[in-house]
Each structure stands twice: as C-alpha cells, then as structure tokens.
Asker: 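I am attaching a structure below and will ask some questions about it afterwards.
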Amino acid sequence: MEYNDMELMICIASRYLEDDSIVMVGTGAPCAAAVLAQKLYSPRLTIMFEAGGIGPLLSSMPISVGDSQSFYRAIAASSMSEVMETCQRGLVDYVFLGGAQIDQYGNINSTMIGGSYQTPKVRFPGSGGANDLGSLCWKTMMITPQDKRRFTEKIDFITTPGYINGPGAREKAGLPPGCGPYKVITNLCVIGFDEQSKRMKVESIHPGRTKEEIIENTGFELLWADDLVISEPPSKDELAVLRNEIDPYRYIIGRQ
Amino acid sequence: MEYNDMELMICIASRYLEDDSIVMVGTGAPCAAAVLAQKLYSPRLTIMFEAGGIGPLLSSMPISVGDSQSFYRAIAASSMSEVMETCQRGLVDYVFLGGAQIDQYGNINSTMIGGSYQTPKVRFPGSGGANDLGSLCWKTMMITPQDKRRFTEKIDFITTPGYINGPGAREKAGLPPGCGPYKVITNLCVIGFDEQSKRMKVESIHPGRTKEEIIENTGFELLWADDLVISEPPSKDELAVLRNEIDPYRYIIGRQ
Amino acid sequence: MQHYCHLLKERSVTYKPAGTGKIFTDPDADKARVFFRDQKPRKMVNKVTTVAKAVSELVNDGDYLGVGGFGTNRIPTAILHEIVRQRKKNLGFAGHTATHDFQILAAGGCINRCDVAYIVGLEARGLSKVARKAVESGSIELTEWTNAALAWRYKAAAMGLSFLPVRSMMGTDTEKYSAAMEMECPFTGTKYLAVPALYPDVGIIHVHRCDVYGNSQIDGIVVADYDLARAAKRLIITTERLVPNELIRREPAKTIIPFYLVDAVVEVPFGSYPGNMPYEYFSDENHLQEWLKAENDPETLSAFLERHIYGVKDFNEYLNTIGGMARLQELRKLETLVER
Amino acid sequence: MQHYCHLLKERSVTYKPAGTGKIFTDPDADKARVFFRDQKPRKMVNKVTTVAKAVSELVNDGDYLGVGGFGTNRIPTAILHEIVRQRKKNLGFAGHTATHDFQILAAGGCINRCDVAYIVGLEARGLSKVARKAVESGSIELTEWTNAALAWRYKAAAMGLSFLPVRSMMGTDTEKYSAAMEMECPFTGTKYLAVPALYPDVGIIHVHRCDVYGNSQIDGIVVADYDLARAAKRLIITTERLVPNELIRREPAKTIIPFYLVDAVVEVPFGSYPGNMPYEYFSDENHLQEWLKAENDPETLSAFLERHIYGVKDFNEYLNTIGGMARLQELRKLETLVER
C-alpha cells in the first residue's frame with residue numbers, strides 16, 4: 001500500500017489509544033487518529049475537546065475545538081472549566097499536543113522563538129490549553145514531523161511540561177505525580193520515554209527509514225529500545241477508513 | 001384593624017425591603033414578607049432561595065426552600081453554589097434568618113443549647129445556609145417573637161455571626177466588611193443596631209406595647225433610639241393582600 | 001497603565017486549625033486522581049442493575065455517603081431504604097440540608113459520623129425526634145460546617161483540588177467546631193478559611209432521566225449534585241426514567257452527569273417519594289407527618305419501619321404500602337410544575 | 001473509624017511569586033463586592049440599547065475586556081467592530097483562545113496589554129500577521145497564562161474570591177512569565193499555584209436568546225462565559241434574538257446569565273458572523289481567509305478594514321459587504337446543528 005507521512009502517523013497513533021479511555025484532542029491529525037481508533041480499535045473511546053464538547057459523534061473534523069462539530073450529538077456540551085477540571089481530577093487518559101520545538105524530555109515549545117519574552121523574534125499561538133492538558137492528563141502524545149529544528153537540545157521556551165529535566169522533576173515542580181509524555185509519533189519513528197532517565201527512546205522505526213536518518217534529524221542524543229522493531233505500516237483497513245470515512249476531502253491527510 | 005403578632009411582623013418586615021434589590025429568604029414568615037413587599041412596595045424585588053431558585057413568581061409559599069415552588073416560573077433554576085457565590089460576590093442585599101437565641105450584637109444560635117457540643121442538651125436544625133448568608137449578604141434581618149429565653153446576654157452557640165462582640169469584630173475575624181445585622185422585627189418592636197457600638201437599639205415600638213414590656217422580655221440591656229417612634233400598624237391593604245393572596249390558608253399567619 | 005504588581009511579594013504566613021472538628025474523608029487530590037484513574041468506569045457499557053445489588057455491591061459498612069437532592073426534594077429514597085433494609089452500619093454522612101434522607105438513615109441506625117450543616121429538622125415541617133436523639137446522645141460523631149461549606153467541599157473535589165478558600169463561618173462557634181484551616185490570600189492578604197475537599201466513598205443521586213450508561217439529566221435546580229457527582233468515588237444513579245442514549249445526545253447541554261462518573265444505574269419511578277420530584281410529583285406531606293408522629297414512640301416507630309421498610313422487599317412494595325398508584329396520582333396533581 | 005486529623009496542624013509556609021508577569025486587574029474581592037453592591041443593576045428594567053451606545057457608554061479607553069465565546073465561535077463581533085470603529089485605545093484583554101476576536105482588536109490597534117494563553121493563531125486556519133506583529137513588536141504588554149488558568153481566574157472572581165489554587169503551569173516558562181504565586185495546601189501540603197481573580201472592567205458575550213432585562217440562555221457549550229458573566233464589572237450582551245421574559249421563565253434551568261449581571265442588551269442577528277453560532281450558522285471560512293490574506297500587506301489591510309468596519313455605519317451594513325442574506329443563508333446550510 002502507498003501512503004504518505006501524515007497517513008502513516010495518524011494510523012500508528014490510532015493504535016495507542018486503548019478502548020474505554022478518554023482522549024483530549026485538538027483539530028487535525030490528533031482528531032483523525034482518535035476517530036480512526038474509535039472506528040477500528042477502541043469503539044468506546046471518549047473524545048473530549050477543551051472548549052466543552054464531550055463524546056461527540058464526529059461526522060466530519062472540527063475546524064475549531066469549540067465549533068459545532070465539537071459537540072455534535074455529544075453526550076455532554078459543557079464548559080472549558082468542566083473539561084479542565086475533569087483533567088485535573090485525573091479522569092483523562094490521553095492528550096495529543098503539537099508544538100514548534102520539543103526536547104529530549106518531551107518538553108514542548110509552542111510560545112515563541114528568539115528575542116526576549118516581551119519582544120520575541122517569532123511568536124506562536126501559545127499554550128492555549130496545552131500546558132494544562134500536558135500537566136493534568138495521564139499520558140501526553142505528540143504527532144509531529146521530525147527534524148533538527150523541531151527536535152532540539154534546548155528549546156527556547158517551555159510552554160508545556162514534559163519530564164522537565166529528568167526523573168522526579170515534574171513532581172518536584174508540584175505537578176500531579178504519575179503523568180507525562182508517553183509517545184511521540186513522527187514521520188520516521190515512534191519514540192517513547194525511558195523509565196529511568198525519562199529521556200526519549202526510539203521504540204520502532206517506520207518501514208524504509210533508518211537509524212541514521214533518525215539521528216540526522218534529531219538535535220539531541222536519542223536512546224534506543226533493546227527490542228527496537230520496524231513499525232507496522234498502515235493497514236489496508238486503516239487507510240480505507242481514514243481516506244473514505246474520516247477525511248474524504250483530504251483536508252488533513254493531504255497537508256503534506 | 002385587628003391583626004395578630006405574625007401578621008404584624010410580616011407587614012412591618014415587608015416595608016424594609018427596598019425595590020430593585022435581591023433578598024434571600026427561607027420558608028414561612030420571611031417568604032411571606034418578601035412576597036408582600038413585591039406586591040405592594042417593591043415590585044422588582046428579586047427573591048432567591050439557597051437551593052438554587054432565583055426570581056420565581058411565587059403562587060403559593062414553598063414548604064421547602066428547594067421544592068418546586070422555589071423555582072416556579074423563575075428567571076433561573078441554578079444550584080446551591082451559584083446562589084452562595086452570588087452572596088459571596090456581594091450581590092445579595094437582604095437575608096432573613098431565624099434562630100433559638102440572639103444576643104445584643106445580633107449573633108444567632110440555631111445549633112444547640114446546653115451540654116457539650118458532642119452531647120448537647122438540645123440540638124436544633126443547625127446552620128444550614130444561615131451562617132453563610134449572615135456572613136456574606138449585606139443586611140441580615142430577623143423576624144422573631146421576643147422573650148427573655150430568646151434575647152439572651154450570652155447565647156449557647158454562635159451559629160451565625162452578628163457583630164460578634166462589637167465594632168470591627170466581623171472584619172477582624174476575616175468576614176467581608178460592611179455587612180451584618182440590620183433589623184430585628186419582633187412582636188413588640190423593631191430593633192436596629194447602633195452605628196457606634198453595634199448593639200441592639202430599639203427604633204420603633206409596636207402599637208399598644210411599652211418600653212417596660214420590651215425590657216421585661218429582653219435578657220440584656222437595650223439601647224433606645226433618640227427618635228423612638230410608634231410603629232405604623234399593618235395597613236388595610238397589607239392585611240388584605242397578605243390574607244387573601246399570599247396566605248389564604250393561614251399556614252403562616254395562623255401559626256401563633 | 002494600572003498594574004497590581006505590588007501584590008506579588010514573597011511572604012511568610014501561618015496556617016492554623018480554625019476548629020476542633022475532625023476530617024472524616026481524605027482530601028488528598030493526588031490519591032483521588034489515582035483512584036479515579038484506576039477505578040472510575042470509563043467503559044460506556046450498560047450499567048443497569050437493581051437497587052438491592054447497587055447497595056450490596058457499592059455500599060460497604062463504614063463508607064462515607066453523599067446524598068443528592070435537598071432533603072425532601074429529588075432524593076434517592078429507594079437506595080436510602082435499601083441501605084436501612086440491608087442494615088448497613090457505621091456510615092459517614094454529609095449533612096447539607098439533609099432532612100428526610102438523614103431521618104431515614106438515622107431511623108435505621110446506620111450513621112456514626114457526620115459533617116453537619118442541617119440534619120435534624122425537616123424545614124417548615126418540624127424536627128425528627130430520631131435524628132435529634134441520635135445527635136444528642138453522642139452516638140454520631142459530628143464536625144460542624146455550613147450548607148455552602150459542604151457544597152464548596154464537594155466543589156473542591158470536583159475541581160480536582162484538596163481545598164478551597166471560603167469567606168463564611170469566620171468568627172463563630174460554627175467555625176470552632178469545624179475542621180477548617182485559617183489562611184490568607186497570596187495576593188491580597190485577605191483572610192480565608194480553607195475547607196478540605198470532600199470525596200465521599202459513595203454518592204447517590206436521583207435524576208429525571210438517564211441512559212443505560214449513566215448519562216444523566218436533571219430538570220430544575222441541581223442543588224449540589226453537579227459537584228457531588230464529580231466528587232464521589234463511586235456513584236449510584238436512580239432515575240425516574242431510562243431513556244435512549246439518542247435522547248441524551250439530542251440535548252447534550254442538559255447532561256449534568258456524564259456516564260464516566262457513574263457506577264450503577266437503576267430505574268425507580270417515583271423514586272423521590274415521599275419527597276418532591278420537580279415537574280413530576282409533589283411531596284407527600286401526610287406520609288412525612290406520619291413519619292414524624294411515629295417517632296414519638298419507639299414501638300410505634302419499629303412498627304412503622306417494619307411496615308414501610310423492613311417488611312417490604314423493594315421500593316415498589318413500599319409504594320403499595322402508602323396507597324400505590326392512586327396516591328401517587330394525587331401527588332402528581334399537587335405538583336406545581338406539572339402543567340394542566 | 002478513619003480520621004484525617006493529622007492534616008490539621010499549625011505551620012508556617014512561604015508564598016512566593018512564581019513569575020515575572022504583571023497583574024493588570026485588581027483581584028481584591030472586597031473591592032469587587034463593594035463595586036457589585038453599588039454598581040450592578042439589580043433593577044429588572046428594559047436594558048435594550050444599540051451597539052453604538054453600548055460601546056460609547058460602557059467601554060472606556062483603558063478598560064480591560066473579557067470576550068465571550070471561543071475565538072471564532074459565538075463571538076460578539078458587532079461589539080468588537082464597534083470598539084474598533086469608535087477607535088477605543090489602550091484596552092486590556094484576556095486572551096484564552098482568542099482568535100478572530102483578538103485579530104479584530106489588534107487590527108484596530110486597540111490593545112496595549114494582554115493576559116495571554118492563545119491570541120495570534122486561528123486554530124487550523126493559520127496565524128494572524130497583524131496580531132503576531134502587535135505581539136512581536138512589544139506594543140502589547142504580556143503576562144503569560146494558560147486557557148484553564150484564565151478560565152479559573154474568571155471562576156475565582158465569579159465565586160467572589162481573590163484567588164484559586166491550580167495544578168497546571170508548574171515547572172515551565174509559562175509559569176515564569178505568569179503572575180501566579182507559589183503556595184501549598186493547608187491540609188495536605190500539596191504544592192499549588194495561586195492564580196489571581198480576574199474581574200474585567202467589561203465583559204462582552206453573544207448569546208442565543210435573552211429578554212429585555214438581560215436574562216440570557218446559551219445553547220451548547222458555554223466555554224468560560226458562565227464565569228465571565230459573573231466576573232465582569234460591566235456586562236454587554238448581544239443576542240441572536242430578543243425573546244419574551246415568559247420564554248425564559250418556561251425553562252429557567254437554561255438561564256446562564258441572570259438579568260442582574262447585565263448592563264446592556266442588544267439584538268444582533270448573525271452577531272457572531274464570521275464566526276460559528278452553534279444551531280444557527282457556521283463560520284464563514286472564506287471571509288476569515290480574506291482577513292488573513294488582507295493582513296499580508298498594510299495597504300490591503302487598511303482598505304479591508306475601511307470596507308468592512310470603518311466605512312460602514314453598523315453591523316447590518318457589514319453583513320451587506322459580505323454578501324448579505326444570501327451568504328448568510330449559505331452559512332445556515334453549512335451549520336452542522338441545523339436539522340434538515
């Protein structure tokens with residue numbers, strides 16, 4: 001089967017969402033991955049949006065996490081505080097985040113690059129709810145293309161906490177214990193986090209990609225799983241559902 | 001006009017509720033006073049109940065402050081926290097409270113008498129929301145029969161704060177400044193609170209009652225207003241509306 | 001440009017116990033997070049069961065209960081009766097305008113500790129002698145609070161916090177017998193009482209409608225049930241009507257309690273009887289007066305409880321003892337919010 | 001019997017500024033109480049006015065604004081345009097997922113300070129160059145927060161408090177540029193950040209329906225508007241439809257905003273355009289793309305603003321510039337929640 005990077009990332013991401021769990025998603029690829037998971041692997045996955053939509057039956061992808069789609073035939077249309085407090089209470093299993101930079105501990109920058117805080121060289125959209133969700137949900141996931149600009153030794157601004165600077169750092173900072181980055185799904189590989197050091201550890205390499213290619217596209221030293229495997233490529237089923245049902249106009253999967 | 005003590009107290013209380021204000025009431029006499037005020041003096045008075053009812057059009061008196069009457073054709077059917085937070089935010093002008101004992105500073109006991117806290121001689125219903133409302137609403141009012149058992153030098157338990165032990169005591173305790181007891185309407189007189197000492201000061205004596213009678217029925221020293229007057233008795237209009245429209249079955253006004 | 005940056009300064013403050021009361025439940029938000037992660041049923045599966053099973057499986061001796069509604073309004077009577085019938089013991093109880101609900105459990109001798117704001121009265125109806133005696137005898141350990149304080153303690157838990165700052169109770173004996181802590185605002189220095197989050201072991205709420213998964217809607221005031229549903233470690237829902245999931249999805253803004261908070265669902269028509277169920281039926285004031293009268297004498301009370309609780313097998317049989325559908329139809333007519 | 005009384009002990013703790021950000025609004029709950037007592041309109045009177053009057057009478061240069069909805073969803077566009085048209089200056093702004101709303105005010109050069117969580121992006125649509133430039137140039141003073149932190153800052157105010165404890169932001173640069181304070185739980189010692197209550201000078205919210213007094217109902221998600229409505233010192237409501245008071249009283253549980261919070265009411269059909277109004281019409285993605293494109297060049301932008309804001313006298317004329325009723329009907333067809 002032919003597939004592009006975006007399709008690959010979405011299909012792989014979808015497999016990590018366990019059934020009977022709650023996932024907080026944004027627009028785009030994470031939302032597509034969650035819906036794909038619902039359709040193929042985890043029919044009772046509950047999708048939540050930070051503006052208040054809970055458990056919608058998504059017919060098409062929202063443009064905004066607060067638009068009408070986000071609570072279309074939902075089980076509840078609530079509020080931002082309700083959703084955030086559900087996270088703070090420990091009920092939300094997964095969250096997908098994006099960002100401009102990420103470091104080896106999974107800290108994410110979506111705020112700014114260069115200059116000073118008050119006069120940055122480039123200002124990005126900012127945290128929005130990302131910091132809250134990365135602080136309060138149990139497992140943070142990321143779907144992102146991999147290159148040296150994004151995967152950097154030192155990020156310019158920690159918008160959202162990963163493992164900060166290593167084991168115990170989240171807890172020391174005061175964050176609820178037991179949560180943090182879980183998987184980073186890139187166009188090259190799937191990266192987890194080493195239990196001991198809390199550093200990024202490559203778990204599977206996508207078909208046709210190499211270790212060297214991954215190293216070249218990463219600005220810091222990666223760890224490698226002992227049982228490093230080749231990622232299972234998108235299945236026929238996955239691609240069919242993704243292309244025909246979830247994103248027939250290729251809004252998301254055509255973005256590459 | 002003939003009238004009984006309960007009718008007298010309700011009619012007089014109703015005159016103290018300014019138009020365009022919000023009043024928190026319980027069941028019984030306070031509710032009747034508020035509805036009477038609405039019908040005669042303050043058509044835009046908003047009645048609130050602590051279980052969540054806001055601005056109902058009361059057709060009859062509620063038996064419980066959380067029953068269907070309490071939000072019959074209301075402008076909002078909310079929650080206990082919403083109502084209490086509206087008080088905490090400073091939006092509620094008046095509250096009516098009851099109790100078994102009251103002292104010269106307007107502190108109210110509705111919790112217990114005698115014995116110890118864990119094994120009281122008599123346990124009463126308790127604070128409910130009384131302490132909250134007396135702490136957070138601007139002006140606390142009371143409708144109560146007056147006798148030495150109720151109006152005592154020292155009450156057994158301060159359930160709800162009056163002026164505690166004098167000027168500045170509420171603020172020192174940490175309560176929001178600028179609020180506290182306003183009027184106590186008894187079967188004998190109307191009592192306000194002296195600006196300087198925060199002690200009870202009789203403002204008007206009901207028709208046919210005497211200073212001596214009031215003193216006899218009070219367990220502490222009262223102050224007396226310089227411009228002490230005779231209370232205006234219930235008017236024909238007041239009694240007609242109260243008897244015919246508000247309490248036709250004499251549930252409240254027949255209680256004496 | 002106005003700033004309020006002078007409020008941002010380092011300073012030392014002292015936290016002090018404000019009262020001598022006890023904390024009956026663990027306010028620790030981290031422990032609650034782990035419990036919720038591991039034990040809250042995020043499976044959207046059919047949770048319909050019976051009253052008897054819900055109580056035997058989800059209510060243990062020694063548990064701390066939070067009961068929904070408002071004393072005689074929208075109360076989960078069937079579950080309360082079943083707790084008495086199954087002779088559950090040593091229960092804790094959150095008493096914020098608890099009236100007939102507390103009366104039932106007090107009559108059953110089920111309670112041994114209580115966070116109390118209002119428990120022995122039935123509002124305008126008078127006082128429960130049994131509830132009063134239970135309290136006066138010292139057989140129930142008490143910590144004193146207010147209605148708002150208990151609502152806010154649920155809210156703290158619902159927000160995933162271990163405390164909330166509040167502005168009432170200060171300067172009173174209510175405070176002195178509470179388990180609040182004195183603190184101050186980190187910005188303004190304003191005095192507050194901190195109240196500890198209240199995560200009950202079991203929450204019990206009666207609703208107007210829910211689906212088999214537990215997605216629940218309440219019509220009218222919600223009292224403190226929005227927060228109680230979120231604070232409770234286990235949650236039993238009784239409902240006037242089970243409805244299709246599709247109906248819930250038609251008006252999702254009405255959902256007060258999403259399914260993932262719910263452990264058991266039981267359909268109990270007239271489930272708030274003898275309480276008022278807004279839009280459905282009014283309270284049975286006669287029966288409530290009978291209760292109060294029966295309490296005048298221990299033997300009469302025994303017979304009363306035997307007749308209405310111990311001697312019947314379930315809630316429907318109880319409804320037969322009070323006159324069945326004929327009486328219930330009368331109560332439907334008495335309800336203000338039923339249009340005619 | 002289990003107790004948690006070991007948590008009740010006196011101890012000294014230190015409150016520390018967690019960041020270098022500024023507080024733009026006074027979090028003092030006592031001052032807010034006095035303001036609300038003296039200035040909040042508890043008169044249930046007709047408050048219907050025009051957009052122009054609402055803005056000229058209730059929005060002053062230098063005021064701090066809180067805007068309802070969610071960036072391009074249920075936003076009060078008419079009021080935002082009017083603020084630009086009346087060339088209000090030096091406004092403060094609460095930026096929790098502010099997208100097209102911030103873009104409008106940034107294009108008008110109205111903002112000089114901002115509590116920021118998300119302001120320069122339009123979610124999946126891309127970024128606003130004008131908003132970005134305003135921020136990058138340093139012309140807007142920023143304090144960093146998160147969406148939840150801003151929602152909770154409103155909530156603190158809505159609860160009548162001066163702060164709330166929260167569990168996010170810790171350990172990040174988001175915290176370092178915030179104006180939060182480090183504190184800990186009086187019971188458990190758990191670390192928290194305290195966020196200061198946010199009482200905006202003016203709140204602006206677009207709703208589905210309200211009566212002439214301001215009793216307002218919103219269909220679907222409320223985002224942070226429940227709390228914003230309660231936190232705002234002055235509150236302007238725009239509504240798709242004015243409805244009789246009787247309609248509000250028919251379903252009082254739907255009232256999100258009671259009249260006593262509201263200072264002005266304006267009926268503005270299609271008032272969220274080009275944003276999405278759930279159950280009414282979808283967002284105009286073409287027009288939003290035109291905005292983004294116009295920002296590529298200052299002259300194009302000037303012409304664009306002239307055509308759509310400065311050069312029209314009111315919101316209805318603006319709707320004419322984008323294709324009038326014909327276009328609006330198309331958007332009605334695109335709306336997911338309009339049944340067909």
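Below, chains carry the letters A, B, ... as their sequence lines are ordered, and counting in each starts from 1. Note that this is a predicted model, so its numbers are computed, not measured.
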Asker: Is any residue of residues 224-232 of chain C within less than 4.5 Å of chain B by heavy atoms, and which ones?
Answerer: C/Asp227
Asker: What residues of residues 90-102 of chain B sit under 4.5 Å from chain C when you count only heavy atoms?
Answerer: none
Asker: Where on B/Ser110 is there a heavy atom nearer than 4.5 Å to chain C: the side chain, the backbone, both, or neither?
Answerer: neither
Asker: Can you say whether C/Glu175 sits under 4.5 Å from chain B via the side chain, the backbone, both, or neither, judging by heavy atoms?
Answerer: neither
Asker: Does any heavy atom of chain B fall under 4.5 Å from the side chain of C/Arg125, the backbone, both, or neither of them?
Answerer: side chain
Asker: Given side chains that start at C-beta, do those of B/Arg123 and C/Leu127 come closer than 4.5 Å, heavy atoms only?
Answerer: no
Asker: Can you give me the closest heavy-atom contact between C/Thr146 and B/Asp132, atom names plus distance?
Answerer: OG1-OD1, 2.6 Å
Asker: Given that the side chain runs from C-beta out, which part of C/Val222 has a heavy atom under 4.5 Å from chain B: side chain, backbone, both or neither?
Answerer: both
Asker: Check whether C/Ser272 gets within reach of chain B through its side chain, its backbone, both or neither, counting any heavy atom under 4.5 Å.
Answerer: neither
Asker: Which atom pair, heavy atoms only, marks the closest approach of B/Ile63 to C/Glu123?
Answerer: O-CB, 3.9 Å
Asker: In residues 241-249 of chain B, which residues are in contact with chain C at a heavy-atom separation under 4.5 Å?
Answerer: none
Asker: What parts of residues 79-89 of chain B touch chain C if we use heavy atoms and a cut-off under 4.5 Å?
Answerer: B/Ser79, B/Met80, B/Ser81, B/Met84, B/Glu85, B/Gln88
